[in-house]
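Take a look at the structure below.
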Amino acid sequence: MFKRLFKPLESNSFFLFGARGTGKTTAIKELFSGKESYYIDLLDQNLYSRFTKDPNTLAALIDSLPKEIAWVIIDEVQKAPKLLDIVHTKIESTNIKFALTGSSARKLKRDGANLLAGRAFVNHLYPLSFMELGEEFQLNKILQWGSLPKIFQLNSDEERFSFLTTYTHTYLKEEILQEQLIRNVDPFVRFLEVAAQMNGKIINYSKLAKESGTSSQTVQTYFEILQDTLLGTILPAYNRSIRKQQVKSPKFYFFDCGIQRALGNALSIPIQPNTYSFGHLFETLVINEVIKLNHYHKKDFRLSYLMTKDSVEIDLIIERPGLPTALIEIKSTSEVDASQVSSLARIAKDFDNSVAYCLSNDPLSRKVGAVHCHPWIVGLQEL
């Protein structure tokens, strides 16, 4: 079992959101192991039926708990959003605290669920980070199969292939169809494949709409669904003006390399170093690691990318309160030279109070001109 970086404040009730398979249930059970708590699993059909038929059943259950019970855990709370009204009342009227897990914030928002107005803090859980994997981390394996916890319980590539293929089908069935997040599934299925193939590229809504057989507005809704079901993150275009930033097209990164490859029907394609595909997956991995660590360490850094008028790109900009802005170039090469970071060094001159980094597979840390070049793991730890 891997030790997770997820560390909620146990002085307060909290939500734990995460895509299916990220290990929410395991993390919660580990967190409350040996503590006085009561666990409710809404994947249990009998419990689900009882609570949805009469949400007040939860109030009666809580009132009957032994006094030593300090926490009530409700797993997959989005399946019964009305229970949150009861949770709200009990937070206000008792000393009971609640740990509430879910894989779809969209379901709660759409149903007008009571999100407890700050009475429960919000946390997220992601696929395993390199810091959580420790010695189990193998770059090529993560790029090929991703880092959902289940991947590390499987013994062959055939099993991993079957798991990821089944996962994507389960996502469509359970998160999209059963929760009725969309009405017409066929364009969404086509959109998922095209979006996976365009992962990490600047979003062209019109092109995606044409290839998915739907409208640009619907494609924007589809991206919202992917974010709300925690399958990926929008990376906005950088601009010193937030208003102008919102006008420019963002990028979208799926939350896991294995899932992205599965959705793009690329699982059977071998991972080959020094190829465009390898570099693209490596960029996805590094950006997802930044997203994970930013959240787990509660840094509140603002992330974006930059494309200049002459099409020079900075892969990632990290605006860090009280610290220099980090301008980051991500390279999968095992040997960085000055020509690979010259554009970054030139652009960095236009940024006040900034520092330029190149994160790569080069094992040597050194400064190339004005650019700090690090092995990507070392660079992330420094950031």
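Looking at D256, its side chain does come within 3.5 Å of a backbone N or O of S147 through a donor-acceptor pair. At distances below 3.5 Å, not a single donor-acceptor pair connects side-chain atoms of S212 with backbone N or O atoms of T214. No donor-acceptor distance shorter than 3.5 angstrom exists from the side chain of H280 to the backbone of K201, with no hydrogens or angles considered. Side-chain atoms of N123 do not come within 3.5 Å of backbone N or O of P8 as any donor-acceptor pair. In this structure, S162 contributes its side chain and E159 its backbone to no donor-acceptor pair below 3.5 Å.
Closest approach of S354 to L327, counting heavy atoms only: OG-CD1, 4.0 Å. Nearest heavy-atom pair, L267 versus R261, reported as atom, atom and distance to 0.1 Å: O-NH2, 3.1 Å. A99 and F32 get closest at one heavy-atom pair: CB-CE1, 3.8 Å. Across all non-hydrogen atoms, the minimal contact from E382 to Y357 is OE2-OH, 2.9 Å. Scanning all heavy atoms of the two residues, the minimum distance from E10 to K97 falls at O-NZ, 3.0 Å.
By the rule that hydrophobic residues join a cluster once side-chain heavy atoms approach within less than 4.5 Å of another member, I328 and I202 end up as members of one cluster. If you chain together hydrophobic residues whose side chains sit under 4.5 Å apart, W145 and I269 never meet in one group. Both V185 and L192 are assigned to one and the same hydrophobic cluster, defined by single-linkage of ILVMFWY side chains at heavy-atom distances under 4.5 Å.
Side chains of E136 and Q138: a donor-acceptor N/O pair is absent below 3.5 angstrom, by distance only. Between the side chains of Y253 and E283, at least one donor N or O sits under 3.5 Å from an acceptor N or O.
In this structure, the separation between CG on L5 and CG on L293 is 7.0 Å, given to the nearest 0.5 Å. The CG atom of L148 sits 10.5 Å away from atom CG of L154, with the distance rounded to the nearest 0.5 Å. Rounding to the nearest 0.5 Å gives a distance of 12.5 Å between CG of L383 and CH2 of W376.
A salt bridge links R160 with D157: the closest approach of a Lys/Arg side-chain nitrogen to an acidic carboxylate oxygen falls below 4.0 angstrom. Ion pairing between a basic and an acidic side chain is recognised when a charged N comes within 4.0 Å of a carboxylate O; R4 and E30 show no such pairing.
Heavy-atom contacts from other residues, nucleotides or ligands closer than 6.0 Å to NZ of K3 number 12 or fewer. Residue K210 places its NZ atom among 12 or fewer non-hydrogen atoms of other residues, nucleotides or ligands, all under 6.0 Å distant. No more than 12 heavy atoms of other residues, nucleotides or ligands sit less than 6.0 Å from atom CD of E335. In this structure, K298 places its NZ atom where more than 12 heavy-atom neighbours from other residues, nucleotides or ligands lie under 6.0 Å away. No more than 12 heavy atoms of other residues, nucleotides or ligands shown are found within 6.0 angstrom of CZ on R50. Atom CD of Q153 has more than 12 neighbouring heavy atoms from other residues, nucleotides or ligands inside a 6.0 Å radius. Heavy-atom contacts from other residues, nucleotides or ligands closer than 6.0 Å to CD of Q220 number more than 12.
Between F163 and Y167, the angle of the ring planes goes over 60°, which puts this pair in the perpendicular group of the 30/60° scheme.
Take K90 and apply the salt bridge (charged side-chain N to carboxylate O under 4.0 Å, His left out) test, not counting sequence neighbours, and it matches D63. Judged as a side-chain contact (heavy atoms from CB on, under 4.5 Å), and not counting sequence neighbours, S49 has no contacts. E329 meets the side-chain contact (heavy atoms from CB on, under 4.5 Å) test with D315, K331, L344; sequence neighbours excluded.
Between F252 and Y222, the distance separating the two ring centers is not shorter than 6.0 angstrom.
Taking the centre and axis of the six-membered ring of Y126, the NZ or CZ atom of K292 falls outside the cone set by 45° and 6.0 Å.
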